[in-house]
Amino acid sequence: MLVENDAPLAPLTTLRLGGPARRLVTAHTDDEVVAAVREADAAGEPLLVIGGGSNLVIGDAGFPGTVLRIATTGFALEGTALELAAGEVWAEAVAATVLEHGLAGIEFLAGVPGSAGATPVQNVGAYGQEVAQSITEVVAYDRRAGEVVTLTNAECGFSYRHSRFKADPERYVVLRVRFALEDADGLSTPVAYAETARHLGVEQGARVDVRAAWKAVLLLRAGKGMVLDAGDHDTWSAGSFFTNPVLTAAQYESFRTRPGAENAPAYPAPEGCTKTSAAWLIDRAGFGKGYGSGPATLSTKHTLALTNRGAATAEDLLALAREIRDGVREAFGVELVNEPVMVGVKL
C-alpha cells in the first residue's frame, strides 16, 4: 500500500482538474482496500474512493481527508462467467472478452473509460447496453456492517444510471464485479441502438459479428471525443456531463408545448415516463459544439461533454455547466442533472 501526503488528484482524473488530497492511499489488493477503509472510518475522517477517475469533478480546494485509489487487478473467465477486480481498466477488460474470447454481453460498452469497480455504481451504459443486463453479483465492503458482502443483481437496485451504491455512496466500496456473458458463436447481443445499427448497416435487433460491434462502437465514440487520448482536449472530460432527462407524463406534455420541442427525441421509460436527449436539448438551447471562450468549453465533437482545454479549473468547468443547465431550463423547462460525482463542489 502506497501512502502519499498532499498528493495531486488532477492527474488521476480524466478531466485533469481539482486540488490535492490531504492523504492519498493506493491499494493493490482487496485486503489493502478493506484495511484502508477501516482505518479511515476508525479515525472518523472523510474518505473518497476513486478508480479510473473518469466520472469525477473534484473541487479546486481538493479533498481534506483520505483518498483511496483502488489499483487492484484480476481478470478471471470461466466459460462465460467473468469476474473483474474493481481496479481493472474497463475498456481493456471489454476488449479482452471480445477480441480474445469472442463473447457477447458488454461489447457495446467498448471504450468507456474508468475502472470495472465503478461500472455498477453508475450502472454504466452506452449504445443500448448497460452493465445491469450482465452483472450477476457485486462483491463489496459494507462499511456499515464492517464486513465483505456479496450482492445479487436484484439487490443492486439498478435503474437508469443509478444503483444501490450510488443511492448510498458512504456505505459500500466495490471490490469485485461478476458478469454472465454470452457465447453466441461469435455474434453480438442484439443491436439495440439505432445509431449503431445504421453504422453497421443492419436493422435494430439483429446480431452481428461481436468484433465488428466492438469496433463500430469504438469508432462512434472516437468520433464524439469519447475515447481517451491525451493529445486531444476533447477527451479531457468526464464523458456525458448530464444524464438524459426522464420526464413524467405531465412534465412531458408541458415540455412538448415549448417552442421548438415538437420534434425532440422521445423514448419510452418505466412508469409511464418519457426519456429525451440531453445533447439535443443543449444544442437546441443555443449551446453548440465547441461552445465557450474560456479554458473550459463544450467538446468540438459532442455537445454533452464539457472539456478542459488544458488550463481549466473546476470552477471554470462548473460555471459553464451552470450556464448550460440554466439555458436549457429557460428554453425548455427541463432541469438537467449532472452525471459525474461532485467532490467538494455542486451545481
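Throughout, residue positions are numbered sequentially from 1 according to the sequence presented.
- Ring geometry for Phe165 against Tyr172 counts as perpendicular: the plane angle is over 60°, on a 0 to 90° scale with 30° as the lower cut.
- A salt bridge is absent between Glu88 and Arg176: the closest approach of a Lys/Arg side-chain nitrogen to an acidic carboxylate oxygen does not fall below 4.0 angstrom.
- For the pair Leu320 and Tyr291, the minimum side-chain heavy-atom distance is below 4.5 Å.
- Rounded to the nearest 0.5 Å, atoms CG (Leu12) and CD1 (Ile50) are 4.5 Å apart.
- Taking 4.5 Å as the limit, every side-chain heavy atom of Phe75 sits out of range of all side-chain heavy atoms of Glu92.
- Of the N and O atoms on the side chains of Thr307 and Asp234, not one donor lies less than 3.5 Å from an acceptor on the other residue.
- Side-chain atoms of Phe158 and Glu130, non-hydrogen and from C-beta on, never get closer than 4.5 Å to each other.
- In this structure, Trp280 and Phe255 have perpendicular ring planes: the angle between them is above 60°, well past the 30° mark.
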Test side-chain contact (heavy atoms from CB on, under 4.5 Å) on Ile106 and Leu82 and set out the steps. CA-CA 11 Å; Ile106 53 177; Leu82 173 67; 4.3 Å; yes

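- Considering Val49, Thr72, Val148, Val174 in turn, Thr72 is the only one that fulfils the side-chain contact (heavy atoms from CB on, under 4.5 Å) rule with Val33.
- Proximity of Asp142 to Arg171: side-chain heavy atoms (C-beta onward) are separated by under 4.5 Å at one or more points.
- A donor-acceptor pair shorter than 3.5 Å cannot be found between the side chains of Arg178 and Thr136.
- Hydrophobic clustering keeps Leu218 apart from Val202 (ILVMFWY residues linked when any side-chain heavy atoms are closer than 4.5 Å, directly or through intermediates).
- There is a side-chain donor-acceptor pair under 3.5 Å between Thr66 and Glu45.
- Ion pairing of Glu182 with Arg207 is present here, as a side-chain N (NZ or NE/NH1/NH2) and a carboxylate O approach within less than 4.0 Å.
- By the side-chain hydrogen bond (donor to acceptor under 3.5 Å, both in side chains) test, Arg211 pairs with no residue at all, sequence neighbours left out.
- When the shell of 6.0 Å around NZ of Lys166 is examined, it contains more than 12 heavy atoms from other residues, nucleotides or ligands.
- Residues passing the side-chain hydrogen bond (donor to acceptor under 3.5 Å, both in side chains) test with Asp232, sequence neighbours excluded: Lys301.
- Between Thr276 and Asn244 there is no side-chain heavy-atom pair separated by less than 4.5 Å.
- The side-chain heavy atoms of Phe108 and Val191, taken from C-beta on, include a pair separated by under 4.5 Å.
- Looking at heavy atoms from C-beta onward, Asn308 lies out of side-chain contact with Leu317 at the 4.5 angstrom threshold.
- Salt-bridge annotation for Asp326 and Arg329: present, with a side-chain N of the basic residue lying under 4.0 Å from a carboxylate O of the acidic one.
- Between Leu318 and Leu347, the closest side-chain pair of non-hydrogen atoms falls below 4.5 Å.
- In this structure, the side-chain hydrogen bond (donor to acceptor under 3.5 Å, both in side chains) partners of Lys224, at least two apart in sequence or on a different chain, are Tyr127, Glu195.
- Atom CD of Glu155 has more than 12 heavy atoms from other residues, nucleotides or ligands within 6.0 Å.
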For side-chain contact (heavy atoms from CB on, under 4.5 Å), just list the numbers for Trp90 and Val131, CA-CA rounded to whole Å, side-chain angles, deciding distance to a tenth of an Å, and then say yes or no. CA-CA 11 Å; Trp90 175 253; Val131 292; 4.1 Å; yes

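- More than 12 non-hydrogen atoms from other residues, nucleotides or ligands lie less than 6.0 angstrom from CD of Glu262.
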